[in-house]
Amino acid sequence: MHILILGGTTEARALAGLLHGTVRVTSSLAGRVASPRLPAGEVRIGGFGGVDGLVAWVREHAVDAVIDATHPFAERISFNAARAAATAHVPLLALRRPGWVPVDGDRWVSVPSLDAAAGALDGLGDRVFLTTGRMGLAAFADRPEWFLVRSVDAPDAPMPARTEILLDRGPFTLDGERDLLARHRIDVLVTKDSGGAATAPKLTAAREAGIPIVVVHRPPVPEGVPMAATPEEAAAWAMALPA
């Protein structure tokens, strides 16, 4: 059996490790990170060229099933995967870590998009910790606030005029996030609802400091695609497929 994992996440690497040695596993990485952490098994890097390209790759390499374990905000590849799997007549599963849930003391402002997040900053603060990744900075390019932008690789323009770049990769610690907020005098946090534990300490640090958090909702999984919440659930799904 050949399983194609659309990866790039911690969960995708864990899933590849669970399946490797039992079935053939190929993990596909988008190539947006310069030095990605490689999973076990075979690895391909780069896009497929849309739905048709993914269908052709699945057929050429005799893929028996696809697991979409991409980032919860990788909406385009998720919908391409759903269309391609249906066209190629192979089963598809979405592996999605659970989203974050506000708790007592949180000051969340929930918004549907990065553009809405930029608009929600009015009156919230003047020093923004922006942790939405390097690909969406254009939404904040016209904002007057000062921004601390944290990402794995250096972002490209356009970006806010008053920006400091912090190149770093999770997981992050609570003590580290507390120090970062205090050292940079952060008074508002902007993040996507990525879920998971690797970047969650910033939420606790912001709660403790009484800092408002603008949270961008994640897009839905394509209709009709079954979901697993953990790599173990996804691995069990794969191993239960008919040989």
Side-chain angles (χ1 to χ4, degrees), residues 6-10 12 28-38 44-50 53 70-80 100 108-172 176-177 179-196 198-203 205-206 209 211-219:
L6 305 178
T9 60
T10 300
S28 177
L29 310 181
R32 291 177 177 174
V33 176
S35 300
R37 295 170 178 169
L38 298 180
R44 70 171 303 278
I45 296 178
F48 290 96
T70 55
H71 191 277
F73 283 82
E75 185 175 12
R76 182 174 182 180
I77 185 60
S78 293
F79 279 86
N80 283 353
W100 291 320
W108 280 26
V109 179
S110 296
V111 295
S113 66
L114 288 176
D115 288 338
L121 290 175
D122 291 336
L124 285 184
D126 296 314
R127 297 182 65 83
V128 182
F129 184 25
L130 186 59
T131 65
T132 56
R134 66 188 181 92
M135 304 300 291
L137 297 187
F140 301 88
D142 295 330
R143 295 298 310 186
E145 295 87 359
W146 179 89
F147 288 84
L148 176 65
V149 174
R150 182 167 68 191
S151 64
V152 175
D153 294 320
D156 297 321
M159 66 181 69
R162 301 169 61 207
T163 296
E164 180 175 332
I165 305 299
L166 174 61
L167 299 182
D168 204 355
R169 187 201 301 262
F172 302 104
E177 298 295 61
D179 176 72
L180 184 148
L181 295 183
R183 180 161 33 93
H184 292 280
R185 307 190 311 280
I186 300 299
D187 53 17
V188 58
L189 167 66
V190 179
T191 188
K192 294 177 178 178
D193 178 17
S194 300
T199 61
K202 64 190 173 189
L203 304 178
I211 292 172
I213 308 173
V214 180
V215 181
V216 182
H217 291 302
R218 60 174 62 178

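Remember, predicted model here, so these are calculated numbers, not experimental data.
Counting only heavy atoms from C-beta outward, the side chains of Leu166 and Leu180 approach each other to under 4.5 Å. A 4.5 Å side-chain heavy-atom check between Leu6 and Phe48 finds at least one atom pair inside the cut-off. Proximity of Leu38 to Leu29: side-chain heavy atoms (C-beta onward) are separated by under 4.5 Å at one or more points.
Across all their heavy atoms, Ser28 and Gly46 have their closest contact at OG-O, 4.1 Å. The two atoms that bring Ser194 and Arg218 nearest to each other are O-NH2, 3.1 Å, heavy atoms only. In plain terms, the two heavy atoms of Ala154 and Leu167 that are nearest each other are N-CD2, 3.6 Å. Nearest heavy-atom pair, Pro212 versus Leu124, reported as atom, atom and distance to 0.1 Å: CG-O, 4.0 Å. A pairwise comparison of heavy atoms in His217 and Ser110 identifies NE2-CB, 3.4 Å as the closest pair. Scanning both residues, Thr163 and Ile165, for their nearest heavy atoms gives CG2-CD1, 3.5 Å.
Sorted by first and then second residue, the side chain to side chain donor-acceptor pair (under 3.5 Å) pairs with a member in residues 180-191 read Thr131-Thr191, Asp179-Arg183, Thr191-Lys202; sequence neighbours excluded. For the side chain to side chain donor-acceptor pair (under 3.5 Å) condition, the pairs that include at least one residue of residues 140-150, sequence neighbours left out, are Asp122-Arg143, Arg143-Glu145, Arg150-Glu177.
Taking OG1 from Thr132 and CG from Leu189, the interatomic distance works out to 10.0 Å, rounded to the nearest 0.5 Å. To the nearest 0.5 Å, atom CG of residue Leu148 and atom CZ of residue Arg162 are 12.5 Å apart. Rounded to the nearest 0.5 Å, atoms CZ (Arg76) and OG1 (Thr70) are 13.0 Å apart. With rounding to the nearest 0.5 angstrom, the CZ atom of Phe73 is 10.0 Å from the OG atom of Ser113. In this structure, the separation between NE2 on His71 and CD1 on Ile77 is 14.5 Å, given to the nearest 0.5 Å.
A side chain to side chain contact (heavy atoms under 4.5 Å, CB included) with Phe129 is found for exactly one of Val190, Ile213, Leu181, namely Leu181.
Partners of Phe140 according to the ring pair (Phe, Tyr, Trp, His ring centres under 6.0 Å) rule, which considers only residues two or more places apart in sequence or in another chain, are Phe147.
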Legend entry - Worked check of side-chain contact (heavy atoms from CB on, under 4.5 Å) between Leu137 and Leu130: CA-CA 9 Å; Leu137 297 187; Leu130 186 59; 3.5 Å; yes

